[in-house]
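Please read these numbers as outputs of a predicted model, since none were measured by experiment. Atoms within a ligand are numbered from 1 in the order they appear, just like the ligands themselves.
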Amino acid sequence: MVTQVERRVRTHSWGKISEEHEELVAQAGRILRRNDMGGWTRAAPWLYPHQWSWDSAFIAVGLAHLDTRRAAQELRTLFAHQWKTGKVPHIVFNPKAPPHSYYPGADHWACAAASPDAPLAPPYTSCLCQPPVHAIAVLRIWQAAEREDEKARAEATEFLREIYPRLLAWHRYLATFRDPERSGLVTIYHPWASGTDNSPRWDGALAAVEIGEMSTYPRYDLQHVAEPSERPASTEYDRYLWLVKLIKRAGCDERAIYRSHPFLVKDVLFSAILVAANDALLEIAEVVEASDEERELVEGWAGRGRKGLEKCWDEKLNLCLDYDLRADKPLRARTVAGFAAPLIAGRQSLERLAALLSELDSPAFAGHPNLRWPLPPSTSPKERGFDPRSYWRGPTWPVINWLLWYSLLQAGEAERAELIRRAALDQISSNGFAEYFEPFTGEPLGSNSQSWTAAVVLDWLLSDPLRKPQSKRSE
Ligand code: DGY
């Protein structure tokens with residue numbers, strides 16, 4: 001892969017990148033090569049030895065610049081474990097992961113395989129899911145292949161034909177099982193499904209969960225970080241595992257979970273990513289010449305999503321808020337998820353976009369005077385639950401910066417997007433390929449050699465900056 005990286009840098013047709021950036025590209029390529037398990041990539045070498053769903057999608061975005069075929073394989077492997085309902089599981093467990101490396105692992109989730117909807121096991125999967133970045137990644141692979149030779153383009157077209165029905169089934173699952181109210185918003189049953197596990201977004205809804213009888217459990221994750229404070233607290237883990245127990249007790253049956261589960265939340269970040277992914281799916285539908293009926297269906301999902309997100313706007317906070325279905329009220333917390341709409345979902349009023357962008361630039365986020373780099377902390381320093389070292393309670397995350405950068409480009413905000421890209425690259429080139437960073441000191445936290453951090457660096461440095469956004473996504 002290193003040779004491919006070198007070739008990629010040398011054949012980079014749209015201008016030379018600096019030596020420092022060349023080195024960063026080489027390092028990113030080495031990380032992805034070391035984490036390559038043959039057809040799929042572990043999210044990180046020690047802390048996350050399995051295949052995670054949204055990590056894999058971001059990884060494919062990066063791999064697309066090194067080897068479009070390998071990038072396609074990453075998603076092919078993940079989608080091979082798609083459930084019969086269309087769900088893409090949040091983890092596919094690696095049978096060869098070292099013992100005692102991750103909890104809850106395959107044994108804990110093995111019972112999910114008994115569900116009539118589960119794929120063949122082993123390998124086992126969890127029965128949760130994660131934000132659907134996959135169609136965006138597939139489109140990125142297609143775009144990268146378009147710049148290569150005839151053979152790469154033909155192979156990528158073939159891949160799009162193969163993956164399109166699977167993506168459609170995945171989005172259909174989210175639009176139906178996860179949105180029986182037809183609100184346009186996706187329901188999650190577990191903070192792990194949001195990808196932003198211990199964000200203060202979930203504090204209110206989690207506080208209402210009463211924990212019953214539970215056995216003790218190991219915290220293997222704490223062995224892999226410098227300080228336990230970088231990971232979720234044990235009070236949070238108790239609730240995470242209690243919720244898993246309830247999901248298993250409901251036989252992983254979606255309808256049963258919906259009826260009885262104490263944590264039922266409409267997640268705005270997840271929903272906005274789905275809207276952006278539906279936009280990407282429409283472009284894929286064009287390439288594979290899908291039927292008009294299917295295109296209308298996808299357009300309908302995207303439109304419904306935007307409408308649903310519009311209702312989550314909070315005038316006072318200038319942000320989008322999640323909604324707690326059990327308590328029947330919004331979850332008020334100032335976090336990066338608040339940029340879900342109109343920024344990530346796109347195509348909404350310019351007035352709201354302007355309000356949201358001024359929030360992004362304000363001292364509540366990227367304009368805070370004490371930040372090491374002007375990048376938005378995952379939780380606003382002005383929020384009560386803010387903690388600069390703890391996972392999603394404050395640190396800055398490269399993948400979130402990528403998502404904001406990508407969405408700003410789509411919204412025609414190229415200058416703002418470029419500020420994020422430069423600051424994020426500087427952060428990683430100064431302090432390494434960490435999972436997340438302390439926002440005031442820039443200290444790398446969580447895992448190092450994190451695959452998706454390497455992947456977004458490759459996309460930032462090797463994607464064509466002159467390429468027009470795929471569609472004008474704000475009105
Ligand atoms: C973890 O283990 O921290 C993951 O986010 C759960 O999927």
Side-chain angles (χ1 to χ4, degrees), residues 35 40-59 78 81 87-94 97-98 100-109 112 123-134 188-202 206 217-245 247-248 252 263 265 267 269-270 273 335-337 378-379 387 389-395 397-400 403 434-436 445-453:
N35 290 341
W40 66 276
T41 310
R42 55 188 173 188
W46 300 282
L47 185 51
Y48 307 112
H50 307 290
Q51 183 174 28
W52 262 263
S53 168
W54 77 325
D55 291 67
S56 258
F58 283 111
I59 289 164
L78 178 71
H81 306 287
K87 173 168 64 188
V88 177
H90 108 287
I91 302 177
V92 178
F93 291 102
N94 166 18
H100 312 306
S101 53
Y102 182 81
Y103 188 89
D107 294 352
H108 200 81
W109 279 111
Y124 292 99
T125 77
S126 87
C127 94
L128 304 174
C129 58
Q130 274 183 330
V133 190
H134 315 89
I188 60 163
Y189 314 139
H190 199 294
W192 285 341
S194 71
T196 65
D197 308 5
N198 72 340
S199 169
R201 299 167 76 186
W202 313 129
L206 276 183
Y217 57 88
R219 286 289 303 272
Y220 299 140
D221 58 320
L222 302 181
Q223 307 164 27
H224 306 301
V225 287
E227 299 261 349
S229 63
E230 294 172 27
R231 294 282 303 166
S234 61
T235 45
E236 287 155 344
Y237 250 82
D238 288 351
R239 285 185 163 73
Y240 299 159
L241 289 166
W242 176 247
L243 291 177
V244 169
K245 188 166 174 166
I247 290 166
K248 287 178 10 176
C252 292
F263 182 95
V265 167
D267 175 333
L269 180 59
F270 198 126
I273 290 174
T335 73
V336 278
S378 47
T379 295
D387 177 338
R389 303 181 64 81
S390 172
Y391 214 36
W392 289 95
R393 289 187 169 269
W397 285 70
V399 276
I400 294 294
L403 209 51
E435 188 183 4
Y436 44 95
L445 301 172
S447 170
N448 55 35
S449 300
Q450 184 80 13
S451 296
W452 68 9
T453 304

ask   = With a 6.0 Å cut-off on ring centres, are W109 and Y124 close enough?
value = no
ask   = Has the side chain of H50 got a donor or acceptor atom that lies under 3.5 Å from a matching backbone atom of G105?
value = no
request  = Ignoring hydrogens and angles, tell me if any N or O in the side chain of T453 forms a donor-acceptor pair with the backbone of A434 under 3.5 Å.
outcome  = yes
ask   = With under 30° as parallel and over 60° as perpendicular, where do the rings of Y48 and Y102 fit, or are they tilted in between?
value = tilted
Can you pull every nitrogen or oxygen pair between ligand 1 and the protein closer than 3.5 angstrom?
| residue | atom | partner | partner atom | Å |
| --- | --- | --- | --- | --- |
| ligand 1 | 2 (O) | Y102 | OH | 2.6 |
| ligand 1 | 3 (O) | D197 | OD2 | 3.4 |
| ligand 1 | 3 (O) | R231 | NH1 | 3.3 |
| ligand 1 | 3 (O) | R231 | NH2 | 2.8 |
| ligand 1 | 3 (O) | Y391 | OH | 2.8 |
| ligand 1 | 5 (O) | D197 | OD2 | 2.6 |
| ligand 1 | 5 (O) | Y391 | OH | 3.2 |
| ligand 1 | 7 (O) | W52 | NE1 | 3.0 |
| ligand 1 | 7 (O) | H90 | NE2 | 2.8 |

query = Which residues pass the ring-ring contact (aromatic ring centres under 6.0 Å, His included) test with W192, sequence neighbours left out?
reply = H190, Y240
query = Is the backbone N or O of N198 less than 3.5 Å from a side-chain atom of R393, with the two atoms forming a donor-acceptor pair by type?
reply = yes
